[in-house]
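Here you go, one structure.
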Amino acid sequence: MDMMLAVTAVIAVSIVIFWVEFLPLWRKKMLKEAWSFSLLLFCGVGLNVAHVLRLPLPNPLQAMVFIFKPVSEAMESLLK
């Protein structure tokens, strides 16, 4: 029950943020900004809900290691 209240609070706050930020952008015909804001807000809400539900979230450092470790090894082998 406690998690359900937290998820509801996250969604309610995100709706308020959407209402305050998105609608003025839409009215000013700033469509690219409105859609990019919506995408980032949606991603943020999804991550917050996953955090509240205690789902395992990937560490950004793991992605960096995955990307840069082969590059580092290739550079090291070239320099030897």
Hey, what do you get for NZ (Lys69) to CD (Gln62), rounding to the nearest 0.5 Å?
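CD of Gln62 is found 12.5 Å from NZ of Lys69.
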Would you list the atom pairs, donor with acceptor, under 3.5 Å between side chains in residues 10-20 and any protein atom, with sequence neighbours excluded?
from	atom 1	to	atom 2	distance (Å)
Ser14	OG	Val10	O	3.3
Ser14	OG	Ile11	O	2.7

Taking only residues two or more places apart in sequence, or in another chain, which ones meet Glu73 in a salt bridge (charged side-chain N to carboxylate O under 4.0 Å, His left out)?
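If we apply the salt bridge (charged side-chain N to carboxylate O under 4.0 Å, His left out) test to Glu73, skipping adjacent residues, there are no hits.
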Linking I/L/V/M/F/W/Y whenever any side-chain heavy atoms sit under 4.5 Å apart, do Leu55 and Val7 land together?
yes
What donor-acceptor contacts under 3.5 angstrom involve side-chain atoms of residues 26-38, with partners at least two apart or in another chain?
from	atom 1	to	atom 2	distance (Å)
Ser36	OG	Lys32	O	3.1
Ser36	OG	Glu33	O	3.0
Ser38	OG	Ala34	O	2.8

I want to check something: taking the side chain as every heavy atom from C-beta on, are Ile67 and Met64 in contact at a cut-off of under 4.5 Å?
no
Return a table of donor-acceptor pairs under 3.5 angstrom between the side chains of residues 39-54 and protein atoms on other chains or two or more places apart.
from	atom 1	to	atom 2	distance (Å)
Asn48	ND2	Gly44	O	3.0

